[in-house]
Asker: 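I am attaching a structure below and will ask some questions about it afterwards.
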Amino acid sequence: FPVTVVNPGEFGGTSNAQTFRVDNPMPSPEEFSPEFVLKGSPDFELTVTGTKFVSGSKIVWDGVEKETTYISGGELRATISASDVVNARFVDISVYNPPPGGGLYENLDDPLTFEVRNPVPTVTSIDPPGTSILDGVEGPDHSFGVPVTIFGTNFEPGADVHIGPTVIFCNEITGICSPSYGDRMETTVVSSTEIQTFIDINVGDVIVKVVNPQPGGGASNDILFPVSGEFQKKNQFCCGLKVELTGILILGLWQYRLLL
């Protein structure tokens, strides 16, 4: 705005003009919704709330200014297209206020991060559905097991096959808990519905699951892979008599043979 001074009287008059500038503030975004979408989602509306928004403020998605609707000094909205969420990733969210003043909000210590998440996988079957311990072969890293093909849905690039139960570990100091999905197997993702892997085996039921990587992702349902077979256990009894107990697992039932 031009600012002048006027002196009264016959010899007064108006001074030269000086410019007084009213700057836009630096925006301060605080939250956004939704907090995440799954990869491959259709167009959606992103709402950013905070303070010091002005007419002309822009939501900035991954460094790109989006066409933005100004709702109020505390709310902005923008449409995020399906092409922006094709792949799972973390996306930086910010707000830009136009000049004079204004600028791009940046907080390196606590950035606003939107998640385009991988889905949770589902396992429907394993081929073969089970095996015998006698069919085991040497695998990667001198492991002992069998090659299998796992079928299901939502298998993402970078997915892994794990065997064993899921165990939750919690930090007593921070209170943060995280899961352990068991032992990770060498995995080849053939497609979103097929995975090839080599699983370690022992006599009994092997718990098998597929884990998709972050963001999002996580573990599928458990599926059991039964392993039948024979084991030997020798026991030394009193009086110098040695007894050998041999068991064979057939269709889930143990059949024993006692050898003296």
Side-chain angles (χ1 to χ4, degrees), residues 38-39 88 117-171 177-238 241-260:
L38 293 179
K39 59 172 287 189
R117 293 184 178 180
N118 281 316
V120 176
T122 299
V123 174
T124 56
S125 63
I126 300 181
D127 183 30
T131 191
S132 166
I133 196 73
L134 301 178
D135 293 330
V137 296
E138 184 176 344
D141 301 323
H142 306 289
S143 58
F144 180 78
V146 291
V148 300
T149 301
I150 299 175
F151 297 98
T153 58
N154 294 330
F155 299 155
E156 294 295 330
D160 287 314
V161 173
H162 290 245
I163 63 172
T166 298
V167 180
I168 304 298
F169 293 97
C170 295
N171 187 308
C177 298
S178 59
S180 173
Y181 298 118
D183 296 328
R184 185 177 66 85
M185 302 291 101
E186 293 289 336
T187 304
T188 300
V189 179
V190 179
S191 69
S192 63
T193 60
E194 181 181 342
I195 282 178
Q196 294 178 351
T197 187
F198 185 95
I199 62 174
D200 297 344
I201 61 172
N202 206 338
V203 174
D205 288 332
V206 179
I207 300 173
V208 181
K209 63 179 70 68
V210 173
V211 179
N212 274 347
Q214 293 182 335
S220 71
N221 55 300
D222 291 342
I223 191 167
L224 297 180
F225 184 77
V227 181
S228 62
E230 180 178 288
F231 76 91
Q232 292 187 338
K233 182 179 181 181
K234 295 182 179 180
N235 294 298
Q236 185 74 39
F237 288 84
C238 67
L241 179 64
K242 180 180 289 186
V243 176
E244 183 179 279
L245 181 65
T246 300
I248 301 177
L249 182 66
I250 302 177
L251 298 178
L253 299 175
W254 285 103
Q255 298 183 7
Y256 292 97
R257 182 171 68 247
L258 184 63
L259 301 176
L260 300 178

Asker: When rounded to the nearest 0.5 angstrom, what is the spacing between CZ in F225 and CD1 in I207?
Answerer: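 Reported value, rounded in 0.5 Å steps: 14.0 Å.
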
Asker: For the residue pair P226 and P129, what are the closest heavy atoms and their distance?
Answerer: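 The pair with the smallest heavy-atom distance is CD-O, 3.2 Å.
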
Asker: Where do F155 and T122 come nearest, in terms of heavy atoms and distance?
Answerer: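 Smallest heavy-atom distance, with atoms named: CE2-O, 3.5 Å.
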
Asker: Testing the basics here: between A88 and N118, what is the closest heavy-atom pair and its distance to 0.1 Å?
Answerer: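 So the minimum-distance heavy-atom pair works out to CB-OD1, 3.3 Å.
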
Asker: Within the distance-only criterion (no hydrogens, no angle test), does the side chain of N212 pair as donor or acceptor with the backbone N or O of V120 below 3.5 angstrom?
Answerer: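 Between the backbone of V120 and the side chain of N212 there is no qualifying donor-acceptor contact (under 3.5 Å).
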
Asker: Calculate, to the nearest 0.5 Å, the distance between atoms OG and CG belonging to S228 and D205 respectively.
Answerer: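 CG of D205 is found 10.5 Å from OG of S228.
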
Asker: Run the side chain to side chain contact (heavy atoms under 4.5 Å, CB included) test on V208 and I126 for me, step by step, so that the C-alpha distance in whole Å, both residues' side-chain angles and the decisive distance to 0.1 Å come before the verdict.
Answerer: CA-CA 9 Å; V208 181; I126 300 181; 4.0 Å; yes

Asker: Supply the atom-to-atom distance I168 CD1 to S180 OG, rounded to the nearest 0.5 angstrom.
Answerer: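 I168 atom CD1 to S180 atom OG measures 8.5 Å (nearest 0.5 Å).
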
Asker: Without placing hydrogens or testing angles, list every side-chain donor-acceptor pair under 3.5 Å for residues 188-201, not counting sequence neighbours.
Answerer:
{"unit_1": "S191", "atom_1": "OG", "unit_2": "T193", "atom_2": "N", "d": "3.2"}
{"unit_1": "S191", "atom_1": "OG", "unit_2": "T193", "atom_2": "OG1", "d": "3.2"}
{"unit_1": "S191", "atom_1": "OG", "unit_2": "E194", "atom_2": "N", "d": "3.3"}
{"unit_1": "T197", "atom_1": "OG1", "unit_2": "E186", "atom_2": "O", "d": "2.5"}
{"unit_1": "D200", "atom_1": "OD1", "unit_2": "S143", "atom_2": "OG", "d": "3.4"}

Asker: How close do P128 and P147 get, counting heavy atoms only, and between which atoms?
Answerer: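 In terms of heavy atoms, the two residues are closest at CD-O, 4.1 Å.
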
Asker: Out of V148, V206, V146, which residue meets the side chain to side chain contact (heavy atoms under 4.5 Å, CB included) rule with T131?
Answerer: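 The residue from V148, V206, V146 that satisfies side chain to side chain contact (heavy atoms under 4.5 Å, CB included) with T131 turns out to be V146.
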
Asker: For residues 147-162, pull every pair meeting side-chain hydrogen bond (donor to acceptor under 3.5 Å, both in side chains), keeping only residues two or more places apart or in separate chains.
Answerer: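 Of all non-adjacent pairs touching residues 147-162, those that pass side-chain hydrogen bond (donor to acceptor under 3.5 Å, both in side chains) are K39-E156.
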
Asker: Under 3.5 Å, which donor-acceptor pairs link side chains of residues 217-224 to any protein atom two or more places apart or in another chain?
Answerer:
{"unit_1": "S220", "atom_1": "OG", "unit_2": "V210", "atom_2": "N", "d": "3.0"}
{"unit_1": "S220", "atom_1": "OG", "unit_2": "V210", "atom_2": "O", "d": "3.4"}
{"unit_1": "N221", "atom_1": "OD1", "unit_2": "V123", "atom_2": "N", "d": "2.9"}
{"unit_1": "N221", "atom_1": "ND2", "unit_2": "V123", "atom_2": "O", "d": "3.0"}

Asker: Distance from Y181 atom OH to T166 atom OG1, nearest 0.5 Å?
Answerer: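 Between Y181 OH and T166 OG1, I get 6.5 Å after rounding to 0.5 Å.
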
Asker: Are any of the side-chain heavy atoms of V161 and I150 separated by less than 4.5 Å?
Answerer: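 Yes. Closest side-chain heavy atoms under 4.5 Å.
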
Asker: Over all heavy atoms of both residues, which pair between T187 and A159 is shortest? Give the atoms and the distance, please.
Answerer: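 That closest heavy-atom pairing would be CG2-O, 3.5 Å.
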
Asker: Can you tell me how far CD1 of I163 sits from NZ of K209, rounded to the nearest 0.5 angstrom?
Answerer: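 The CD1 atom of I163 is 9.0 Å from NZ of K209, to the nearest 0.5 Å.
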
